[in-house]
Protein chains: 2
Amino acid sequence: MPRKITIHQIAKEVGLNASTVSLALRGDPKVREKTRDRILEAAKRMNYEPNNLARSLSNGRTRIIGVMLSDMSRFYEESLEAVFTLGEAAGFTISVRFCSWDQAREKAGLHSFVSNRIDGIIWGPTDYNTAEIAEMDALLHKFEVPTVMYGLPDDTQSLHCYQIGLDMQKSIQVGLAHLKSYGHTDIALLAATEVQGMFGRMYRRRMAMFRDAFIAEGLHLDDRRIFEVGDDNCGGLDLALKLSQMERSQWPTAIFAADDLLARELVKSFKTLGVRVPEEISVIGYDVFPWAMGGQLCSVNLNTKEIGEKAIQMLLKCINSEHPQQFDQRVEVLPQIRLGTTCGRPRSR
Amino acid sequence: MPRKITIHQIAKEVGLNASTVSLALRGDPKVREKTRDRILEAAKRMNYEPNNLARSLSNGRTRIIGVMLSDMSRFYEESLEAVFTLGEAAGFTISVRFCSWDQAREKAGLHSFVSNRIDGIIWGPTDYNTAEIAEMDALLHKFEVPTVMYGLPDDTQSLHCYQIGLDMQKSIQVGLAHLKSYGHTDIALLAATEVQGMFGRMYRRRMAMFRDAFIAEGLHLDDRRIFEVGDDNCGGLDLALKLSQMERSQWPTAIFAADDLLARELVKSFKTLGVRVPEEISVIGYDVFPWAMGGQLCSVNLNTKEIGEKAIQMLLKCINSEHPQQFDQRVEVLPQIRLGTTCGRPRSR
DNA sequence: CTGAAAGCGCTAACAT
DNA sequence: ATGTTAGCGCTTTCAG
């Protein structure tokens, strides 16, 4: 038996024409059931595997959706799962590229998507380098590859692609506003700075966003209220210890932890040290780990699952439609407070 | 300008034949530099993007390497990065599929690889379901898709694929042996059991491996020496607290933490509680986070980077060679102890 | 219901 | 150095 089976060989085997085989393999009702069974049997017996290159070249679509991500952060996990589930249900294969926060690699990956005539792209762009994004956007548009970008700030109206808006700074403000609603004004920031990884840039950007968010909410973020810990430390424990050696009157009344794991550790450490949360100090987390502390943690929920769902739904609509223009070009996903037990009114002084 | 540019249109534009354009685009020295420049200029101006479907259908290779992974665990991060770097340097695009620990999805993904005539596959199989693996292995072999599987135990000689052997149980034994070499025999296990995630199966398997490893090293693992914590707890802190309320004579002399983050937290918590590590108790970590504690942590290093490097190197050799059979079919990656400051001789009783 | 023929965009001999 | 021709494997009219 030759190495790679084609429909012609199957056709010869069963004494029919290749085009009939082609129809049968795709379950076209034009082929009589009996003939189809014969064909399918032969195909299986001969270990036939369709050649998507030929198929796609011929009919003009690949039934593949490409997803471009920067890294394997858990931030993407939930949304990617949604993309898989809904995408596969609609008959698409999901192909992922990672760029490791490298713009050259990102560009190459997107090019590979269009070269391989992917049917649509979901893109969580690396960085808000407007010019670069605009350039790729123009290219993708020129090739008429439906594209959904997500995690975009709101100054991107000029882009052609569809967008899932997620305003990170506003999401931080949501957390701050929540604290303010309890009466907190002296809020500290606990942030991890992963030095070793490739996320340095992201962390720096996030830090800048925190500063801006404080300002936007009319809050003062004193440098001495910023606790930066390396990712190889136990930031929560360190901070709890540090505070326990300070006069309580010197404490902030609330702590905004830059991620849920830090927040979790902080709360647990406070408990260990006999500090009551939220009676003596409030803690709010951020992003990524909805399951941290079994729902006890008060935290800003970025709704990543919803992001994934909206992205794939938008894309599928777009791919299946003749007139994609009729859809909203941008959908906002709103962060919300995930209520827990770790925030309360500030202690009276 | 028509929507999708082909080499024929470029050819017409510059008054040459399509095959010349084809050669020029690939930088073939047969075409004169001046002509090539003209062609490239036109291609860029017309926004030409090569059609890999046609290209691959014609020349029989896609220059794409497929990677099949179960999830976005950080376990894969380092090895995947190595695959990217070396793979791209060799001119390949790396396309990733995730199966979320779902065998149907895994199978579909591998089929999509062969349908799309990927040049080679790197596969970190979900589970050691021998029959399923053997079936896919046979299929991939029949289609002559060079495949490297990794993370395989050593009872898989019958497979056709190339293999990066990583014996997880032995890696645990390496850690245990290290503790034994200091004189530890009363060793406790600290393990997280992520209930919410999709990793339940993996955790259970890992737990079984720990038990087997203890037995293989001639150690007794009492049930009361197993501390299982949910992933939404702070396991390290909890355990440190628990122990601090016990008579020291009841303590184990060493703790094997099932991952580095737990170990890190444990060590930090001990420090907080005034317990000296390793003078009063030794701690060893496992896997995944080489940077945890800035190298202070003594831990079992799974060498995931090396796994990725070996996998892609094997695959490239195989793809580029006429006679792949001449290479070793299986390479073992050996876990090692990453020395730190958290292990020492047991306290005298 | 099945067969014949053209073509998707590109490559690879072979000619010129 | 450039042009001609014949596919790669499949889909898709269009005939029968």
Side-chain angles (χ1 to χ4, degrees), chain A residues 2-40 42-43 46-64 111-112 114-119 143-144, chain B residues 2-40 42-43 46-64 91 112 114-119 143-144:
Chain A
R3 310 178 348 177
K4 249 141 202 175
I5 306 301
T6 72
I7 51 172
H8 292 100
Q9 309 185 34
I10 298 180
K12 189 180 286 177
E13 177 82 8
V14 294
L16 289 169
N17 186 288
S19 57
T20 310
V21 175
S22 170
L23 290 173
L25 288 172
R26 283 171 294 153
D28 192 298
K30 281 201 283 291
V31 179
R32 208 194 314 161
E33 194 170 348
K34 215 168 160 186
T35 340
R36 179 174 57 227
D37 287 348
R38 256 174 63 218
I39 292 175
L40 289 181
M46 300 169 81
N47 261 298
Y48 171 76
E49 185 84 29
N51 185 329
N52 274 345
L53 299 174
R55 179 175 283 183
S56 298
L57 181 60
S58 175
N59 73 7
R61 61 213 140 77
T62 51
R63 304 244 97 190
I64 297 177
H111 269 288
S112 89
V114 348
S115 282
N116 289 296
R117 298 299 189 262
I118 288 294
D119 286 343
F143 283 98
E144 297 182 304
Chain B
R3 309 176 351 176
K4 249 139 202 177
I5 307 301
T6 72
I7 51 172
H8 293 99
Q9 308 184 36
I10 299 180
K12 188 180 286 178
E13 177 81 9
V14 295
L16 290 168
N17 187 288
S19 59
T20 312
V21 174
S22 171
L23 290 174
L25 287 171
R26 284 173 291 155
D28 192 298
K30 279 202 285 292
V31 9
R32 206 193 316 159
E33 194 170 346
K34 215 168 161 185
T35 344
R36 179 172 60 226
D37 287 349
R38 257 173 64 218
I39 292 175
L40 290 182
M46 302 170 81
N47 261 297
Y48 170 76
E49 185 83 29
N51 185 328
N52 274 345
L53 299 173
R55 180 175 282 184
S56 298
L57 181 59
S58 174
N59 73 7
R61 62 215 140 78
T62 51
R63 306 244 94 191
I64 296 177
S112 89
V114 347
S115 280
N116 290 295
R117 298 299 190 262
I118 287 295
D119 286 343
F143 283 98
E144 297 182 305

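This structure is a prediction, so every number in the text was calculated from the model and none was measured. So that the names make sense, note that chain A is the first sequence line, chain B the second, and so on, each numbered from 1.
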Rounded distance in Å - [atom1] ([X]) to [atom2] ([N]):
{"X": "A:Arg38", "N": "C:dC1", "atom1": "CZ", "atom2": "C1'", "value": "13 Å"}
{"X": "B:Asn17", "N": "C:dA12", "atom1": "CG", "atom2": "P", "value": "15 Å"}
{"X": "B:Lys4", "N": "C:dC10", "atom1": "NZ", "atom2": "P", "value": "12 Å"}
{"X": "A:Glu49", "N": "D:dC8", "atom1": "CD", "atom2": "P", "value": "20 Å"}
{"X": "B:Lys12", "N": "D:dG3", "atom1": "NZ", "atom2": "P", "value": "14 Å"}
{"X": "B:Ile39", "N": "D:dG3", "atom1": "CD1", "atom2": "C1'", "value": "12 Å"}
{"X": "B:His8", "N": "C:dG7", "atom1": "NE2", "atom2": "C1'", "value": "11 Å"}
{"X": "A:Gln9", "N": "D:dG9", "atom1": "CD", "atom2": "C1'", "value": "10 Å"}

(message) For A:Ser115, run the side chain to side chain donor-acceptor pair (under 3.5 Å) check against B:Glu49, B:Arg55, B:Arg63 and tell me which one passes.
(response)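 With A:Ser115 as partner, B:Glu49, B:Arg55, B:Arg63 yield a single side chain to side chain donor-acceptor pair (under 3.5 Å), made by B:Glu49.
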
Separation of [Y] [atom2] from [X] [atom1] (nearest 0.5 Å):
{"X": "A:Ser112", "Y": "B:Ile64", "atom1": "OG", "atom2": "CD1", "answer": "6.5 Å"}
{"X": "A:Ile7", "Y": "A:Asn17", "atom1": "CD1", "atom2": "CG", "answer": "8.5 Å"}
{"X": "A:Thr20", "Y": "A:Ile10", "atom1": "OG1", "atom2": "CD1", "answer": "12.0 Å"}

(message) With nearest nucleotide decided by heavy atoms, which residue, B:Lys30 or A:Leu23, maps closer to the 5′ end of DNA chain D?
(response) B:Lys30

(message) Quick check: on DNA chain D, is the nucleotide nearest B:Leu57 upstream (toward 5') of the one nearest B:Pro29, or the reverse? Name the residue that is more 5'.
(response)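 So the residue in question is B:Pro29.
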
(request) State whether the distance check finds a donor on one side and an acceptor on the other, under 3.5 Å, for side chain B:Ser58 versus base C:dG9. (result)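 Under the 3.5 Å cut-off, the side chain and the base do not form any donor-acceptor pair.
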
(message) Both B:Pro50 and A:Ala18 contact DNA chain C. Taking the nearest nucleotide for each, which residue is further toward the 5' end?
(response) A:Ala18

(message) Return whichever of A:Ala54 or B:Arg61 has its heavy-atom-nearest nucleotide of DNA chain C closer to the 5' end.
(response) A:Ala54

For [X], answer base if it contacts any base atom (sugar-phosphate contacts may also be present), sugar-phosphate if it contacts only those atoms, and nothing otherwise; contact means non-hydrogen atoms under 4.0 Å.
{"X": "B:Ile7", "answer": "base"}
{"X": "B:Ser56", "answer": "nothing"}
{"X": "A:Leu16", "answer": "sugar-phosphate"}
{"X": "A:Ser19", "answer": "base"}

(request) Check whether any side-chain heavy atom of B:Leu57 lies under 4.5 Å from a side-chain heavy atom of A:Asn51, and answer yes or no. (result)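 Yes, their side chains come closer than 4.5 Å.
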
From the options [options], select the nucleotide whose nearest atom is closest to the side chain of [X].
{"X": "A:Arg26", "options": "D:dT11, C:dC10, C:dC1", "value": "D:dT11"}
{"X": "B:Tyr48", "options": "C:dC10, D:dG9, C:dC1", "value": "C:dC10"}
{"X": "A:Thr20", "options": "C:dG3, D:dC10, C:dC10", "value": "C:dG3"}

(message) At less than 4.0 Å, is any side-chain N or O atom of A:Ser22 found next to OP1 or OP2 of D:dT11? Yes or no.
(response) yes

(request) Look at the side-chain N and O atoms of B:Arg55 and state whether any lies under 4.0 Å from the OP1 or OP2 oxygen of C:dT11. (result)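 Yes, B:Arg55 has a side-chain N/O under 4.0 Å of OP1/OP2 on C:dT11.
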
(message) Less than 4.0 angstrom from a charged side-chain N to a carboxylate O is my criterion; do B:Asp28 and B:Lys30 meet it?
(response)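 Salt bridge: yes.
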
